Amino acid sequence: MLIRRERTGDAAAIDAVHRSAFAAQYANANGRADDAAHPAVEPVEVALVRQLRDNAAWMPTLTMVAEVHDDIVGHVCLTRAGIGPFPVLALGPIGVRTDHQGAGVGGALMHAVLGAADALDEPLIGLLGHLDYYPRFGFVPGIRLGVFPDQPDWTSHFQVRPLAAYDAEIKGEFRYADPFYEL
């Protein structure tokens with residue numbers, strides 16, 4: 001497996017990664033992901049990545065793919081976010097094709113993107129995510145550090161990861177890039 005920065009020309013493969021990774025969450029009410037009578041709903045993560053690419057918050061240096069035999073099987077991006085006057089990062093989406101889940105691809109992407117952000121002296125990363133998955137990468141409930149999402153109903157799954165450049169003065173309301181609110 002190779003972890004590298006996203007390149008021009010990777011967009012269709014990245015769309016396919018998120019389509020595969022999130023399809024089960026968007027299966028129709030009958031439990032079928034896709035058939036002629038019950039078409040699947042396009043995962044919002046596909047459009048979110050497209051919209052983020054066209055937004056000032058997009059950070060090409062912190063957008064990575066996982067390749068296996070020249071085939072893109074995973075993707076993660078960090079975008080610019082803010083806590084009051086402090087620039088921070090937001091993680092997501094992160095996705096791994098279903099045929100490669102459980103093989104360490106997601107963990108490799110997480111370690112790579114966290115290391116890259118830390119090397120760039122970014123102070124903190126926020127995300128909405130599974131409470132059993134992200135703590136293994138050092139994420140804690142945002143409220144522990146005095147950081148909370150600007151959407152109160154996100155609080156239960158909002159987590160942050162302080163990096164080496166973190167300063168305890170970074171507290172307050174976390175604001176994602178605009179595309180996260182346009183879903």
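We use all heavy atoms of the structure for the numbers below, so side chains are in, but hydrogens, waters and symmetry mates are not. Computed from a predicted structure; not experimentally measured. Note that the numbering runs from 1 along the sequence shown for the chain.
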Phe158 versus Phe174: any side-chain heavy-atom pair under 4.5 Å? yes
Considering only NZ, NE, NH1 and NH2 on the basic side and carboxylate oxygens on the acidic side, decide whether Arg19 and Glu45 come within less than 4.0 Å. no
For Pro93 and Val49 the tightest heavy-atom approach is CG-CG2, 3.4 Å
Can you find a pair of side-chain heavy atoms, one from Ile83 and one from Leu124, that are under 4.5 Å apart? yes
Could you walk me through whether Glu182 and Gln51 pass the side chain to side chain contact (heavy atoms under 4.5 Å, CB included) check? CA-CA 9 Å; Glu182 299 167 359; Gln51 291 172 10; 3.9 Å; yes
Measuring from Thr61:OG1 to Leu78:CG, what's the distance to the nearest 0.5 Å? 9.0 Å
Do you know which two heavy atoms are closest between Val88 and Pro123, and how far apart they sit? CG1-CG, 4.1 Å
Are Leu163 and Val140 connected into the same hydrophobic cluster when the rule is that any two of I, L, V, M, F, W, Y join if their side-chain heavy atoms are below 4.5 Å apart? no
Donor-acceptor contact present, side-chain Arg136 to main-chain Tyr133, <3.5 Å: yes
Minimum heavy-atom separation for Val105 and Ala66, please, with both atom names. CG1-CB, 3.6 Å
Excluding sequence neighbours, so at least two apart, what forms side-chain hydrogen bond (donor to acceptor under 3.5 Å, both in side chains) with Arg175? Asp150, Asp178
Can Ile3 be reached from Met59 by stepping across I, L, V, M, F, W or Y side chains whose heavy atoms are under 4.5 Å apart? yes
Atom CD1 of Ile143 and atom OG of Ser156: how far apart are they, to the nearest 0.5 Å? 11.5 Å
Between the CD1 atom in Ile72 and the CZ atom in Arg7, the distance rounded to the nearest 0.5 Å is 8.0 Å
ILVMFWY cluster, Val76 and Ile125 together (side-chain gap under 4.5 Å): yes
Could you please spell out the steps behind the side chain to side chain contact (heavy atoms under 4.5 Å, CB included) verdict for Leu89 and Arg161? CA-CA 10 Å; Leu89 297 171; Arg161 169 63 152 81; over 6 Å; no
Common cluster, Val160/Phe148, ILVMFWY with side-chain heavy-atom separation under 4.5 Å: no
Rounded to the nearest 0.5 Å, what separation is found between the CD1 atom of Ile14 and the CD atom of Glu6? 3.5 Å
Between Glu122 and Arg80 (salt bridge meaning N to carboxylate O under 4.0 Å), is one present in this structure? yes
Nearest heavy-atom neighbours spanning Leu52 and Trp58: O-CB, 3.2 Å
4.5 Å side-chain heavy-atom contact, Val113 and Met64: yes
Taking all non-hydrogen atoms of both residues, which atom of Val65 and which atom of Leu109 are closest, and how far apart? C-CD2, 3.8 Å
If you take all heavy atoms of Pro43 and Ala23, which pair is closest and at what distance? CG-N, 4.2 Å
Just wondering, more than 12 heavy atoms not from Gln25 lying within 6.0 Å of its CD? yes
If a pair satisfies side chain to side chain donor-acceptor pair (under 3.5 Å) and one of its residues is in residues 96-117, list it, with sequence neighbours excluded. Ser20-Thr98, Asp71-Arg97, Arg97-Asp99
Using side-chain heavy atoms (C-beta onward) and a distance below 4.5 Å, is Val17 in contact with Val96? no
Looking at side-chain heavy atoms only, is the closest gap between Phe180 and Thr79 below 4.5 Å? yes
When rounded to the nearest 0.5 angstrom, what is the spacing between CD in Gln151 and CG in Leu128? 9.5 Å
Side chain proximity check, Pro149 to Glu173, heavy atoms < 4.5 angstrom: no
Side chains of His75 and His18: do they bring a donor and an acceptor to under 3.5 Å? yes
Less than 6.0 Å separating the ring centroids of Tyr176 and Trp154? yes
Is there a side-chain contact between Pro162 and Leu145, using heavy atoms and a 4.5 Å cut-off? yes
Can you check whether Tyr134 reaches Ile94 side chain to side chain, under 4.5 Å on heavy atoms? yes
Leu120 with Ile170, same ILVMFWY side-chain cluster at under 4.5 Å: no
In terms of side-chain geometry, is the basic nitrogen of Asp10 or Arg4 positioned less than 4.0 Å from the acidic oxygen of its partner? yes
